[in-house]
Amino acid sequence: TCAIPLMFPPIVIDGVPYLDGGCADKIPYAWALAAGFEKIIVVRTRPADYRKTGKPKRVKYPAYPLLAAQLAGSDARYNRQCQELEALEQAGRLVVINPSVDLQVARLEGDMEKLGRLYWMGNRDANAQLERLRAYLV
């Protein structure tokens with residue numbers, strides 16, 4: 001679903017409100033590690049050197065104070081995850097695929113030309129990684 005905070009209302013399933021999973025975990029690789037998967041491929045949407053600004057966010061969700069606290073620290077958690085991914089990849093525990101260029105695509109991008117360029121860049125980037133992926137997956 002697309003339930004980005006402040007942009008969309010929560011999605012209610014069986015009486016429980018849900019928001020986009022990125023609110024809780026920006027790069028959800030830890031679940032795969034904890035579940036014991038041996039081969040993990042993480043596909044990121046930003047170049048390898050991209051980091052969030054780290055500026056604390058002030059988000060007001062009076063009905064959901066734990067969500068507000070989670071969102072307030074999300075940049076720092078994202079940056080820690082990026083560092084962890086680099087270490088895990090160096091250790092051979094997983095493989096990370098990053099876009100080769102940051103095309104500055106907005107969350108709700110409507111420019112179809114830009115989205116098309118992003119698609120074809122992803123296609124080229126993935127093809128450039130095929131040998132490395134095959135070696136890892138064997």
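Reckoned from all heavy atoms, side chains included, excluding hydrogens, waters and symmetry mates.
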With a cut-off of 3.5 Å and sequence neighbours excluded, list every side-chain donor-acceptor pair involving residues 29-42.
| unit_1 | atom_1 | unit_2 | atom_2 | d |
| --- | --- | --- | --- | --- |
| Tyr29 | OH | Glu84 | OE1 | 2.3 |
| Lys39 | NZ | Tyr136 | O | 2.5 |

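- Here the CG-CG distance, from Leu19 to Leu71, works out to 8.0 Å after rounding to the nearest 0.5 Å.
- For the atom pair CE of Met121 and CZ of Arg124, the computed distance is 7.5 Å after rounding to the nearest 0.5 Å.
- Taking the side chain to side chain contact (heavy atoms under 4.5 Å, CB included) definition, one finds that Asn127 meets it with Asn123, Leu130, sequence neighbours left out.
- Evaluation of the salt bridge (Lys or Arg N to Asp or Glu O under 4.0 Å) rule for Arg80 yields no partner, not counting sequence neighbours.
- Among residues two or more places apart in sequence or in another chain, the side chain to side chain contact (heavy atoms under 4.5 Å, CB included) test is passed with Val105 by Leu103, Glu109, Lys114, Leu115, Leu118.
- The nearest pair of heavy atoms linking Cys23 to Leu67 is CB-CD1, 4.2 Å.
- Under the rule for a salt bridge (Lys or Arg N to Asp or Glu O under 4.0 Å), the partners of Glu131 that lie at least two apart in sequence or sit in another chain are Arg134.
- Between Pro17 and Gly15 the shortest heavy-atom distance is CD-O, 3.8 Å.
- Residues meeting the side chain to side chain donor-acceptor pair (under 3.5 Å) test with Gln70, sequence neighbours left out: none.
- With sequence neighbours left out, Arg77 forms a salt bridge (Lys or Arg N to Asp or Glu O under 4.0 Å) with no residue at all.
- Within the 4.5 Å cutoff, side-chain heavy atoms of Met7 are placed close to those of Leu108.
- Applying the side chain to side chain donor-acceptor pair (under 3.5 Å) rule to Thr45 yields no partners; only residues at least two apart in sequence or on another chain are considered.
- Tyr78 meets the side chain to side chain contact (heavy atoms under 4.5 Å, CB included) test with Lys26, Ile27, Arg44, Arg46, Tyr50, Lys52, Cys82; sequence neighbours excluded.
- Residues forming a side chain to side chain contact (heavy atoms under 4.5 Å, CB included) with Leu66 (at least two apart in sequence, or on another chain): none.
- Taking CZ of Arg132 as the reference point, atom CD1 of Ile97 lies at 6.5 Å (rounded to 0.5 Å).
- Hydrophobic side-chain contacts under 4.5 Å tie Val12 to no other Ile, Leu, Val, Met, Phe, Trp or Tyr residue.
- Trp120 belongs to a hydrophobic cluster with Tyr119, counting contacts under 4.5 Å between side-chain heavy atoms of Ile, Leu, Val, Met, Phe, Trp and Tyr, direct or through other members.
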